[in-house]
Amino acid sequence: MSFIAHPQDLHFAEPLALQSGAMLRDYTLRYETYGTLNAERSNAVLICHALNASHHVAGVYEGQSRSEGWWDNMIGPGKPVDTNRFFVIGVNNLGSCFGSSGPMHLNPDTQRVYGPDFPVVTVEDWVNAQARLLDRLGIPTLAAVMGGSLGGMQALSWTLQHPTRVRHAVVVASAPNLNAENIAFNEVARRAIITDPDFHGGRFYEHGVVPQRGLRIARMIGHITYLSDDVMNQKFGRTLRAAVTEHASGYRFSTQDIEFEIESYLRYQGDKFSEYFDANTYLLITRALDYFDPARAHGGDLAAALARVQARFLVVSFSTDWRFSPARSREIVQALVKNQRDVSYAEIDAPHGHDAFLLDDPRYLSVVRAYFERIDGGGAA
Amino acid sequence: MSPDMLKAIANLVPEGSRVLDLGCGDGSLLAHLQTHKACIGYGVEIDDANVLACVQRGVPVLQFNLDAGLRLFEDQSFDVVLQIDTLQHLRNAETMLRETARVGRMGIVAFPNFGHWPNRWSVLRGRMPVNQRLPYEWYDTPNIRVGTFEDFAVLARKNGLHVRDAFGLQEGQRVDFWPNWRASTAVFQLQRR
């Protein structure tokens with residue numbers, strides 16, 4: 001039984017200068033907090049979300065069944081990130097579609113829905129916005145910042161943008177940048193959305209439609225890359241959804257009907273996703289992924305980029321994750337070692353691909369738990 | 001690792017060293033060096049339970065297979081590289097010895113000495129030794145490189161390494177006289193020439 005979570009909004013009237021040079025004049029951040037901030041204000045842990053997640057990290061919403069936060073197995077009372085000791089903050093990123101300012105909201109400059117005009121935001125911009133949220137909450141430094149995948153990029157970026165405000169960074173199933181293959185997957189997803197006739201150049205809200213076909217395909221391709229070959233074969237293999245009896249083979253001999261279980265699963269995932277996720281948000285967040293590359297300003301030298309890191313690190317990867325492979329996590333580790341920073345690295349031998357970072361692997365959860373147990377949470381909250 | 005062996009090895013590590021412990025096990029040696037000799041550094045481990053034990057102790061640990069090499073580490077980036085009861089598990093034991101000398105200004109290698117007299121006696125009687133130091137049967141031993149004190153001295157010389165100190169350890173006591181006969185553990189302190 002999980003605890004009840006309460007989302008909150010904070011409005012910011014101070015303009016946020018973005019990496020692109022654009023300005024976000026006015027914006028709202030939606031967030032949740034769990035646990036209690038101690039008197040020294042030293043036990044705050046910021047959780048950064050990945051592509052399709054939100055500020056709702058842990059707990060449930062009152063009266064809503066199956067409303068557990070996306071990292072509810074990791075965060076909560078007595079869990080690896082123990083909210084009895086830490087004050088945990090989840091925040092929805094700018095441009096997302098779960099309550100913080102995003103493309104579906106009114107542009108205060110034009111009084112028109114942003115749509116495609118919502119400025120391109122980067123991981124660095126998100127971190128700056130998160131830092132302002134902490135300022136408002138009166139939190140000078142974080143005991144830890146933690147995230148998986150794109151969330152791990154934000155955690156890493158925190159240690160570069162605000163090196164003295166972070167004591168520990170926990171970077172899970174992440175990478176120092178996306179490789180070409182990874183950008184390519186994002187581009188396929190974006191093209192699926194943009195070429196959907198219901199996209200209307202991003203102004204679909206005004207037409208009262210949603211580019212669901214594009215979103216479905218984007219989600220399908222994404223989903224394939226989050227799983228491993230082994231898990232997909234084990235879960236679905238070549239199983240037919242329902243063998244027909246008219247033909248001895250059991251096949252329908254149809255090119256368009258669902259024949260295999262994997263097709264049914266992907267379509268289901270795509271349908272579900274297209275009902276709640278915003279198309280412009282998908283474009284914005286995949287772009288933020290593409291652009292993240294802290295080594296770029298240092299001629300590609302990640303170690304040089306990480307020279308200013310002061311935080312201690314726990315880096316975790318999963319053996320069958322090919323979207324954010326262990327080799328990419330080892331690049332982060334190597335750059336930290338080169339700078340003689342305090343880092344531990346766990347490479348979890350797990351079959352679940354990239355998705356493993358959200359699942360209940362006991363080795364993974366116990367390493368994170370052990371790491372957090374040694375982080376000073378100050379006097380118990 | 002027995003407390004005596006831990007102390008004997010720790011004595012060889014200069015105060016305040018930057019240490020890389022290859023095959024660091026549960027991290028007890030590094031934890032000792034951090035606490036008592038103001039050392040910093042990393043352990044390298046492949047085993048999940050040991051990685052967890054290191055994190056629990058607050059010893060920075062990097063999980064990877066040493067058979068993949070030490071490319072992660074730069075030349076001469078550590079004062080001391082430890083290989084304590086690690087060598088005998090490595091497929092590429094010679095490469096790892098060279099890598100140890102590349103990465104560290106000093107290498108300390110300890111391993112079970114197959115030349116210890118009870119081992120020789122056992123082989124003379126026609127059976128592979130099974131005892132406290134070599135507790136495995138021949139068919140399930142993780143020790144894929146079994147060598148003697150003298151064998152290692154030859155390997156070190158072949159690789160152009162300078163042996164600063166070499167001795168045996170028997171029940172935690174240093175053995176300088178006939179260590180290849182009298183000690184169950186061989187310890188070498190090495191430097192690049």
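Chain A is the first sequence line, chain B the second, and so forth, proteins listed ahead of strands; every chain is numbered from 1.
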**Contacting moiety of A:Gln340, where chain B heavy atoms sit under 4.5 Å** = both
**Residue A:Leu336 versus chain B: region with a heavy atom under 4.5 Å** = backbone
**Message:** Counting heavy-atom pairs under 4.5 Å with chain B, which one of A:Arg374, A:Glu347, A:Arg363 comes out on top?
**Reply:** A:Arg374
What pair of heavy atoms forms the shortest contact from [X] to [Y], and how long is it?
X        : Y        : answer
B:Val51  : A:Ala346 : CG1-CB, 4.4 Å
A:Val337 : B:Tyr42  : CA-OH, 3.5 Å
B:Pro60  : A:Ser344 : CA-OG, 3.2 Å
B:Leu52  : A:Ser366 : CD1-O, 3.3 Å

**Item:** Contacts of residues 63-74 of chain B with chain A (heavy atom under 4.5 Å)
**Value:** B:Gln63, B:Arg71, B:Leu72, B:Phe73, B:Glu74
**Prompt:** Among residues 167-187 of chain B, which ones touch chain A with a heavy-atom distance under 4.5 Å?
**Reply:**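 The list, in residue order, is empty: none.
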**Asked** Between B:Arg18 and chain A, which part of the residue has a heavy atom less than 4.5 Å away: side chain, backbone, both or neither?
**Response** side chain
Does [X] [atom1] have over 12 foreign heavy atoms under 6.0 Å away?
X        : atom1 : value
A:Trp322 : CH2   : yes
A:Arg312 : CZ    : no
B:Gln132 : CD    : no

**Prompt:** What distance separates A:Asp342 CG from B:Ile40 CD1, expressed to the nearest 0.5 Å?
**Reply:**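 If we round to the nearest 0.5 Å, A:Asp342:CG and B:Ile40:CD1 are 9.0 Å apart.
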